[in-house]
There are 2 protein chains.
Amino acid sequence: MAVCPAAPDRPPRTVAESVYRALRRDIITLRHPPGTSLTEQELAGLYGSSRVPVREACRRLQQEGLLTAIPYKGYFVSQISLADIEDSFDLRELLECHAVARAVRRATPEEIAHLEELATTGYTYHDWASYGDFLERNREFHVCLAALGGNQRLVCVLDDLLGAMQRFFFLGLDLADFSTQMRHEHEGLIEALRRRSAEDALARIHEQIDSSRLRVRRALERGGIDLPLTTGGSQSRPFSSNQPPGPASPEDAEHG
Amino acid sequence: MAVCPAAPDRPPRTVAESVYRALRRDIITLRHPPGTSLTEQELAGLYGSSRVPVREACRRLQQEGLLTAIPYKGYFVSQISLADIEDSFDLRELLECHAVARAVRRATPEEIAHLEELATTGYTYHDWASYGDFLERNREFHVCLAALGGNQRLVCVLDDLLGAMQRFFFLGLDLADFSTQMRHEHEGLIEALRRRSAEDALARIHEQIDSSRLRVRRALERGGIDLPLTTGGSQSRPFSSNQPPGPASPEDAEHG
DNA sequence: CGTATACGAGTTGTATACAATCATCCCATG
DNA sequence: CATGGGATGATTGTATACAACTCGTATACG
């Protein structure tokens with residue numbers, strides 16, 4: 001069942017797990033920006049382990065779409081394309097709205113109360129370190145919300161999707177302090193759930209996702225961070241893996 | 001971008017890849033029925049390699065939901081639960097209908113022609129060997145169809161989902177000879193695309209998925225294959241990995 | 001007799017060494 | 001000067017050896 005990667009708090013049980021988390025965080029927080037070239041040996045040095053756990057971590061991240069592997073060549077942090085951002089938000093909307101529509105009828109008061117606990121988190125503006133934690137909490141909120149819809153398979157897919165989208169969200173957070181706005185949005189949604197108003201709940205979730213989409217779009221337009229964006233013309237043929245570095249700047253990947 | 005695992009024909013470039021394909025096929029064709037216990041060493045012997053490629057294959061299959069790993073204990077072929085089947089079909093319907101609705105407007109005549117080629121395949125009743133190939137072709141058809149909708153991210157998710165559902169489909173195929181019926185369904189859908197009739201296309205895809213769902217349901221009711229089915233009461237809490245063997249029959253896992 | 005504990009088999013987790021593969025550059029050659 | 005071919009370096013792919021962990025069992029003790 002799609003593994004449901006997020007086992008949030010629990011300390012890592014294996015080296016591979018901790019390498020995975022560290023590397024994932026460094027990709028999401030753009031410490032390794034899109035296009036960065038990475039080798040297993042290099043990563044083994046960075047995260048203090050041998051190549052084997054690194055390899056496992058890279059395979060997971062590759063499956064999640066954050067890394068692109070080139071046989072006998074190395075790994076590259078996947079590019080961010082405008083098309084992929086739009087596709088991701090479209091898909092997210094489809095999944096979450098479907099789930100919320102069902103959650104309105106199914107959610108028990110206890111479940112809604114639990115959801116409310118998750119909704120209270122925020123982040124502190126300009127403190128990049130807090131962004132990562134907040135994004136994880138936010139993901140948990142939306143995943144638990146979707147779980148109330150009753151379709152476990154959908155929940156896992158959404159969880160993976162939100163995981164891959166965290167890099168996008170990260171960009172949006174730094175644009176301004178949306179912490180309280182987002183909390184209010186969450187609370188409004190919970191209220192709609194309590195009143196079992198499908199119409200209202202759907203409008204709220206729709207609004208939330210759209211405002212998130214706008215944040216990301218605006219962040220990209222302002223280009224506060226000079227991302228080597230691929231214009232991402234939608235490939236005409238169904239399959240095609242994320243192109244490697246392309247004309248991206250290899251540059252240095254200083255880390256410590 | 002979710003890796004898009006199906007690189008259909010191309011010969012395997014690595015040992016890990018061929019182990020992955022072989023093991024996956026053996027799980028889908030129920031040679032390793034749900035609940036079967038597998039160890040890395042055992043699999044290494046079965047498929048003639050060392051533990052390392054086996055490990056990589058198992059991790060992939062775990063991520064796809066076909067295997068469940070228990071640390072220091074081993075791997076188990078994931079159970080099939082009625083709830084998961086219903087969830088999967090619901091999700092499939094959501095994704096494919098969304099894609100088809102958009103495909104109706106976007107698909108070019110060339111793309112539709114390409115789709116028609118993929119629609120011509122069938123299987124020979126009671127020849128289990130042909131089932132696997134057919135299911136792959138059928139998956140490719142539905143994936144390419146969805147690709148015409150223009151959302152690449154959705155396509156990858158659907159691809160993964162159909163991959164995980166192949167075990168279900170396998171059950172349904174053996175119930176009777178649906179080969180020609182399915183081909184007709186495909187052709188009808190293509191016709192609707194050509195006429196750009198959204199209403200008709202949606203009705204067709206809906207009908208196709210529902211008939212597929214019914215096939216699987218019927219196959220399970222008749223219980224032609226004595227699967228250790230978990231009744232799969234929907235777990236009350238969002239996360240919970242697929243339960244291990246439970247009261248399933250460990251039994252022998254004869255293979256050669 | 002019940003309980004705690006130490007032991008041992010079995011399994012995955014990790015590290016290291018070596019093989020296979022690919023890209024690049026240099027040099028010989030037409 | 002252009003071009004083909006082979007050496008060379010870097011990287012992943014694979015195999016093997018060993019460490020860490022878990023669970024069941026037997027055993028000693030109260």
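Proteins come first, then strands; the chains are lettered A, B, ... in the order of their sequence lines, and each starts at number 1. Just so we're clear, the structure is a prediction, and the values are computed from it rather than from any experiment.
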Under 3.5 Å, is there a donor-acceptor pair between the Glu136(B) and Gln166(B) side chains? yes
Taking for each residue the nucleotide of DNA chain C bearing the nearest heavy atom, is the 5' side occupied by Gly48(A) or by Gly74(B)? Gly74(B)
Sequence-distant partners of Tyr123(A), side-chain hydrogen bond (donor to acceptor under 3.5 Å, both in side chains), two or more places apart: none
Results of salt bridge (Lys or Arg N to Asp or Glu O under 4.0 Å) for Asp90(B) - residues two or more places apart only: Arg213(B)
Output the single nucleotide from dT12(D), dT16(D), dT12(C) whose closest atom is nearest the side chain of Tyr75(B). dT12(C)
Any Thr14(A) side-chain nitrogen or oxygen under 4.0 Å from OP1 or OP2 of dT12(C): no
In whole Å, what is the span from the CD1 atom of Ile70(B) to the P atom of dG13(C)? 11 Å
Using a cut-off of strictly less than 4.0 Å, decide whether Arg55(A) has a side-chain nitrogen or oxygen near OP1 or OP2 of dG13(D). yes
Which whole-number value in Å describes the distance from Tyr47(B) OH to dA15(D) P? 16 Å
How would you label the contact of Val15(A) with the nucleic acid (heavy atoms, under 4.0 Å): base, sugar-phosphate, or nothing? sugar-phosphate
Report the residues that fulfil side-chain hydrogen bond (donor to acceptor under 3.5 Å, both in side chains) with Ser130(B), sequence neighbours left out, ordered by chain and then residue number. Thr124(B)
What does the B/S/- profile of nucleotides 19-24 of chain C look like, 5' to 3', with a 4.0 Å heavy-atom cutoff to protein? -BBSS-
Check the distance between dA15(D)'s C1' and Arg51(A)'s CZ and give it to me in whole angstrom. 12 Å
Between P of dT12(D) and CD of Glu56(B), the distance in whole Å: 13 Å
Under 4.0 angstrom, heavy atoms only, what part of the nucleic acid is Ala69(B) near: base, sugar-phosphate, or nothing? nothing
For Phe168(B), all residues meeting ring pair (Phe, Tyr, Trp, His ring centres under 6.0 Å), sequence neighbours excluded: none
Just jot down the side-chain hydrogen bond (donor to acceptor under 3.5 Å, both in side chains) partners of Arg25(A), sequence neighbours excluded, or say none. none
Please state how far atom CD in Glu42(A) lies from atom P in dT12(D), giving the value in whole angstrom units. 9 Å
Kindly say if Ser49(B) contacts the phosphate of dT14(D), meaning a side-chain N or O under 4.0 Å from OP1 or OP2. no
